[in-house]
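Just so you know, these numbers come straight off a predicted model, no measurement behind them. As the structure lists them, so they are numbered: ligands from 1, and atoms in each ligand from 1. Residue indices begin at 1 and follow the sequence shown.
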Amino acid sequence: MAENPVLEAILIAAKVLGVRKEDVVTKDIIVSEKEKSIIKELVEKRANGYPLHYILGEKEFMGLSFFVEEGVFIPRPETEELVEMALDLIKRYGLRVVADVGTGSGAIGVSIAKFSGAIVFATDISEKAVEVSLKNAKRHGVLDRFVVKRGRFLEPFEKDYEKMEMILSNPPYVKMSARLPQDVLFEPSEALFAGEDGLDFYREFFRRYSTEGKIVLMEIGEDQVEELKKIVPGAAFLKDTSGRYRFLHINRRSS
Ligand code: SAM
Ligand code: GLN
């Protein structure tokens with residue numbers, strides 16, 4: 001639920017009135033009855049658990065503003081750590097071709113294209129995600145280096161698989177039986193849930209694709225390391241800044 005309800009109400013008002021959030025509290029703004037009732041309705045919607053960022057229509061990620069809307073996963077701050085690690089590796093090895101599996105709003109792929117100059121092949125099973133990620137690629141000026149197609153895993157880019165030097169993903173990894181906070185339940189279920197134990201995506205991905213010669217970095221749930229060691233022998237696990245194991249890492253490059 002809302003951690004800071006007053007701030008959220010101000011953000012909603014600023015969005016409806018088309019002003020900066022500072023202006024809501026510091027300036028005298030004439031608010032019409034119509035605007036008042038829209039603000040009231042949206043604040044009530046939020047109070048009932050509807051995600052703030054769907055109301056605002058955007059979410060900041062890696063210092064960039066990403067369009068989000070119902071049907072698309074709202075990027076999370078922990079995923080910024082995955083992008084930072086990926087950018088370091090891209091620089092260190094001079095990588096040119098990167099994949100983003102399950103791109104959602106394009107948070108990972110568009111940030112990588114923007115900050116590294118690499119070409120990104122992105123996929124998603126959701127048509128809405130393809131549409132929104134393209135809007136974000138355009139917004140951040142990387143349309144020429146962000147190629148997105150609808151499909152499962154890397155199926156749309158099978159013929160380019162050899163070329164891919166790095167594979168990134170924040171896949172669905174939540175257990176079917178998990179109880180999630182109310183606002184998360186407004187997000188698409190195919191973005192969150194991955195079978196009974198939350199591991200279906202990893203199981204199928206690593207059964208289908210060879211990692212030979214590639215670097216792989218994927219977000220994982222903090223309690224999934226032991227099971228993932230069995231599914232992906234040889235993978236390493238990296239901690240986030242709060243000390244939890246949140247990333248799976250494979251580096252099979254020879255140089
Ligand atoms: N990468 C984005 C981010 O970090 O904000 C979105 C992550 S969201 C947790 C997972 C995304 O993977 C969703 O957009 C979902 O539609 C997509 N997805 C789920 N299963 C997939 C599959 N087998 N192949 C491709 N995309 C998939
Ligand atoms: N950490 C996400 C949450 O807030 C789950 C994301 C995922 O499955 N990739 O619920």
- Go through the side-chain N and O atoms of Thr79 and Glu219 and say whether any donor and acceptor fall under 3.5 Å apart.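 Result is yes, a qualifying pair exists.
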- Item | Pair Glu70-Tyr50, side-chain donor/acceptor within less than 3.5 Å |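 A pair is found: one side chain offers a donor N or O, the other an acceptor, under 3.5 Å apart.
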- Query: Quick one: nearest non-hydrogen protein atom to atom 1 (N) of ligand 2, plus distance?
  - Reply: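 It is Tyr173 OH, 3.2 Å.
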- For atom 9 (N) of ligand 2, what is the nearest protein heavy atom, given as residue, atom name and distance?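 Here the closest protein heavy atom is Pro171 O, 2.7 Å.
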Find all atoms of ligand 2 within a distance of less than 4.0 Å from any non-hydrogen atom belonging to [X], and give their numbers and elements.
X      : result
Val174 : 5 (C), 8 (O)
Arg76  : 3 (C), 4 (O), 10 (O)
Pro172 : 8 (O)
Leu192 : 8 (O)

Short N or O separations between ligand 1 and the protein, below 3.5 Å:
unit_1   : atom_1 : unit_2 : atom_2 : d
ligand 1 : 1 (N)  : Gly102 : O      : 2.9
ligand 1 : 1 (N)  : Thr103 : O      : 3.4
ligand 1 : 4 (O)  : Asn170 : ND2    : 3.0
ligand 1 : 14 (O) : Asp124 : OD1    : 3.4
ligand 1 : 14 (O) : Asp124 : OD2    : 2.6
ligand 1 : 16 (O) : Asp124 : OD1    : 2.6
ligand 1 : 24 (N) : Phe153 : N      : 2.8

- Message: So for Ala194, does at least one of its heavy atoms come nearer than 4.0 angstrom to any atom of ligand 2?
- Response: no
- Measuring from the heavy atoms of Phe193, does anything fall under 4.0 Å of ligand 2?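 Flag not set, Phe193 not near ligand 2.
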Do [X] and [Y] have side chains that approach each other closer than 4.5 Å (heavy atoms only, starting at C-beta)?
X      : Y      : result
Phe66  : Glu58  : no
Val120 : Val148 : no
Phe193 : Asp200 : no
Gln224 : Leu248 : no

- Any chance you could measure Arg96, atom CZ, to Ile90, atom CD1, to the nearest 0.5 Å?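 So the gap between those two atoms works out to 9.5 Å.
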- Item | Rounded distance [0.5 Å steps], CZ in Phe186 versus OH in Tyr54 | 10.0 Å
- Residue from Lys230, Lys175, Arg203 passing salt bridge (Lys or Arg N to Asp or Glu O under 4.0 Å) with Asp197: Arg203
- Query: Using a side-chain heavy atom cutoff under 4.5 Å and only I, L, V, M, F, W and Y, what cluster partners does Val132 have?
  - Reply: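 Taking Ile, Leu, Val, Met, Phe, Trp and Tyr as members, Val132 shares its hydrophobic cluster with Phe67, Val72.
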- Quick one: does Asn170 get an N or O within less than 3.5 Å of an N or O on ligand 2?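 Among all N and O atoms of Asn170, at least one is under 3.5 Å from an N or O of ligand 2.
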